[in-house]
Amino acid sequence: MDLEILNSMQRIPEPELMDEAGQVLAYAQADFAASDAAMVERLAQLCGDDPGTALLDLGCGPGNISLLLAGRWPAAKVLGLDGAPRMLAVARERLAGVSPDLAARLRFVQALLPLAAAGELEAHFSAVVSNSLLHHLHDPAALWQTVAQLGAPGAFVYVQDLRRPDNGEAVETLVAAEMASAPEVLRHDYRASLHAAFTPEEVQQQLEQAGLAAQLQVAPRQERYLEVWGRLN
């Protein structure tokens with residue numbers, strides 16, 4: 001995808017963007033270890049360190065969060081769900097480099113959101129986790145539909161995403177601070193993602209429209225993020 005077109009898009013579509021070969025390679029090679037590990041530990045903090053035994057990673061990409069979830073909770077099986085075949089190919093390749101026990105508890109499946117039918121995935125999950133997927137979707141409601149569809153009663157939900165800054169200057173400040181040494185395609189993606197991201201108030205409206213506002217809460221987290229968490233009824 002041409003970088004000028006990418007940077008001018010109001011909202012980045014998923015999975016079309018994330019299946020572009022150069023970007024897949026850049027994401028696979030980038031080091032997100034610290035931020036990904038921090039997200040998993042934040043999940044543990046919020047859910048009381050008991051997310052259950054069937055965990056769903058929505059928008060799993062190259063599998064970073066899925067691998068961390070399975071490593072953090074040895075009794076859990078983890079399903080990574082994504083729409084981009086090239087990203088999932090990277091995730092599956094990584095299974096060859098982990099222990100047999102870890103590999104046996106991990107699975108990666110391609111699916112577009114919202115799911116076409118309730119039977120597309122039969123399992124209901126004890127925890128549903130998503131990292132930076134919301135701002136990529138054509139229709140943000142697709143995420144909340146899928147959360148409600150696949151989370152079992154009592155399932156813990158944790159969604160983290162970028163938070164849209166107040167103005168363009170704030171966007172450039174964050175890009176300079178967070179992406180100084182990143183490949184060009186990731187800097188362009190990050191800039192476009194910040195413009196396409198939501199405020200906590202906008203996500204609160206999404207939850208109200210999805211009928212989830214009484215179950216999930218949304219709040220800013222640090223300078224870059226917003227987060228949504230809670231248990232489904």
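We use all heavy atoms of the structure for the numbers below, so side chains are in, but hydrogens, waters and symmetry mates are not.
In this structure, A127 and P51 approach most closely via the heavy-atom pair CB-O, 3.4 Å. When all heavy atoms of C60 and L88 are compared, the pair lying nearest together is SG-CD2, 3.6 Å. Closest approach of G83 and Q110 over heavy atoms only: O-NE2, 3.2 Å. Closest non-hydrogen pair, L102 versus G71, comes out as CD1-N, 3.7 Å. Here the closest non-hydrogen pair linking G61 and D82 is N-OD2, 2.7 Å. Between A213 and Q204, the closest heavy-atom pair is CB-NE2, 3.7 Å.
The existence of a salt bridge linking D49 and R72 is confirmed by a sub-4.0 Å separation between a basic side-chain nitrogen and an acidic carboxylate oxygen.
Here the CG-CG distance, from L216 to L232, works out to 6.0 Å after rounding to the nearest 0.5 Å. Rounding to the nearest 0.5 Å gives a distance of 12.0 Å between CD of E202 and CZ of R163. L162 CG to L226 CG: the interatomic distance, rounded to the nearest 0.5 Å, is 8.0 Å. Of the inter-residue distances, the one linking N233 atom CG with Q215 atom CD reads 3.5 Å to the nearest 0.5 angstrom. Note that OG1 of T199 and CZ of R164 are 5.5 Å apart. Values are rounded to the nearest 0.5 Å. Expressed to the nearest 0.5 Å, how far CG of N64 lies from CG of L69 amounts to 11.0 Å.
Between V128 and L58, some side-chain heavy-atom pair lies under the 4.5 Å cut-off. Taking 4.5 Å as the limit, some side-chain heavy atom of C47 sits within range of a side-chain heavy atom of R231. The shortest side-chain heavy-atom distance between V90 and R94 falls under the 4.5 Å cut-off. Using a 4.5 Å cut-off on side-chain heavy atoms (C-beta onward), W73 and L68 make no contact. You'll find the side chain of S126 reaches within 4.5 Å of the side chain of L55, heavy atoms only. Contact check for F108 versus L95: side-chain heavy atoms found under the 4.5 Å cut-off. Within the 4.5 Å cutoff, side-chain heavy atoms of F156 are placed close to those of L46. Taking the side chain as every heavy atom from C-beta outward, L194 and R224 never approach each other to under 4.5 Å.
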task = Dump the intermediate steps for side chain to side chain contact (heavy atoms under 4.5 Å, CB included) on L207 and W144, then the final yes or no.
result = CA-CA 7 Å; L207 295 177; W144 307 119; 3.8 Å; yes

key: D161 vs F198, side chain to side chain contact (heavy atoms under 4.5 Å, CB included): CA-CA, chis, key distance, verdict   = CA-CA 8 Å; D161 212 290; F198 298 100; over 6 Å; no

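Of the possible polar contacts, none joining the D36 side chain to the I65 backbone as a donor-acceptor pair under 3.5 Å is found. Without hydrogens or angle criteria, E227 side chain to R221 main chain gives no donor-acceptor distance under 3.5 Å. Without hydrogens or angle criteria, S130 side chain to V159 main chain gives no donor-acceptor distance under 3.5 Å. No donor-acceptor distance shorter than 3.5 angstrom exists from the side chain of N131 to the backbone of G59, with no hydrogens or angles considered. In this structure, R105 contributes its side chain and A70 its backbone to a donor-acceptor pair below 3.5 Å.
With hydrophobic clusters built from ILVMFWY side chains whose heavy atoms lie under 4.5 angstrom apart, L56 does not share a cluster with M39. Linking Ile, Leu, Val, Met, Phe, Trp and Tyr residues whenever their side-chain heavy atoms come within less than 4.5 Å leaves V129 and L212 in two separate clusters. With hydrophobic clusters built from ILVMFWY side chains whose heavy atoms lie under 4.5 angstrom apart, L133 shares a cluster with V218. There is no path of hydrophobic side-chain contacts, each under 4.5 Å, that joins Y158 to F125. By the criterion of side-chain heavy atoms lying less than 4.5 angstrom apart, applied directly or through intervening Ile, Leu, Val, Met, Phe, Trp or Tyr residues, V109 is grouped together with L143 in one hydrophobic cluster.
No more than 12 heavy-atom neighbours from other residues, nucleotides or ligands sit within 6.0 angstrom of CZ on R107.
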